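Numbering of ligands and ligand atoms starts at 1, following listing order. Being a predicted model, the structure only gives us computed values, none of them experimental.
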Amino acid sequence: MEACFEYQLTGLEQLMVTVCEKFFGFLAFQENWQPVRSIAKVFKKEVMTLTDLKEFIDMELILVHAKYMVLLMVKMMLMSLLTAFYRMRNKAFTNPEDTSSFGKGEQAKKYLRTDSDVERVRRIHLNDLENIVPFAIIGFFYCVSGVPYSTALLHYRLFFGARVFHTIAYFIPLPQPCRGLSWLVGYLVTFSMAYRLLTVSLSL
Ligand SMILES: N[C@@H](CCC(=O)N[C@@H](CS)C(=O)NCC(=O)O)C(=O)O
């Protein structure tokens, strides 16, 4: 007997699908909204329909963006683990309750201190937050802005490489300007996407 597989959506996925359908459906009929007017211009149409919008949006590119975003988010989350590791290894804590297992009173107080390894990893984490979050948000709008697949892929790959290199350069640490340059590459990639969105896609 031939097996028949049917993909079963979880409740959360179903909710997301419904929200997306409602959202894009909503956008499709807001023909006065500037981004939809811009997309309509590309299609040389007066009014955008939901079908037009689906044609315009490259689903494969959304998945590519999701892949790089998830990889970078996981990389960023690993910084928390690394911070915890260095806190335990170097016995450097910021909250009194964290030191209670090392003794009481004055004995525990000496573990309430800053440590250079912990601080370095915390700075990497903070720098990730400053750069990866804007990339994730701007990158999403970029991939649904009708940009060519290869151009978007180049942006995502460059940003990913730059951020991984930034972490390595900061962690080891490599001599400057290694870290500075890798940060600049990532920053320029996000800026390039923002620039296109503001000037070409949204016609601001
Ligand atoms: N918040 C950053 C803004 C500028 C930036 O991100 N610079 C890069 C290249 S020098 C960097 O790695 N900064 C070190 C850091 O954020 O800890 C800073 O304070 O330095």
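Atom 14 (C) of ligand 1 has its closest protein heavy atom at R179 NH1, 3.2 Å. The nearest heavy-atom contact from the protein to atom 16 (O) of ligand 1 is N127 ND2, 2.7 Å. Among all protein heavy atoms, the one lying closest to atom 4 (C) of ligand 1 is W183 CZ2, 4.0 Å.
For atom 12 (O) of ligand 1, a protein heavy-atom neighbour is found at a distance under 4.0 Å. Note that atom 20 (O) of ligand 1 has no protein non-hydrogen atoms nearby, at separations under 4.0 angstrom. By the definition of a contact as any protein heavy atom under 4.0 Å away, atom 9 (C) of ligand 1 is in contact.
Connection of F165 to F191 is not established within any shared hydrophobic cluster, with ILVMFWY side chains joined at heavy-atom distances below 4.5 Å, either directly or through further cluster members.
Within 6.0 Å of atom CE in M73, more than 12 heavy atoms from other residues, nucleotides or ligands are found, so the atom counts as buried in its surroundings.
Remark: R89 engages D117 in a salt bridge, criterion side-chain N to carboxylate O under 4.0 Å.
Heavy atoms of Y170 come nearer than 4.0 angstrom to ligand 1 in at least one pair.
Residue M76 holds its CE atom at 10.0 Å from CE of M69, rounded to the nearest 0.5 Å. From I168, atom CD1 reaches atom CZ of R179 across 14.0 Å, with rounding to the nearest 0.5 Å.
Annotation for ligand 1: atoms under 4.0 Å from non-hydrogen atoms of H166 are 11 (C), 12 (O). Close approach of ligand 1 to E130 is summarised as follows: ligand atoms under 4.0 Å from at least one heavy atom of the residue are 1 (N), 2 (C), 3 (C). The ligand atoms of ligand 1 that sit less than 4.0 angstrom from a heavy atom of R123 are 17 (O).
Contact check for M193 versus V147: no side-chain heavy atoms found under the 4.5 Å cut-off.
With ring centers used as reference points, F159 lies 6.0 Å or more from H155.
Close N/O approach between N131 and ligand 1 is not found [any backbone or side-chain N/O within under 3.5 Å].
Ring geometry for Y142 versus Y156: interplanar angle over 60°, hence perpendicular rather than tilted (30 to 60°).
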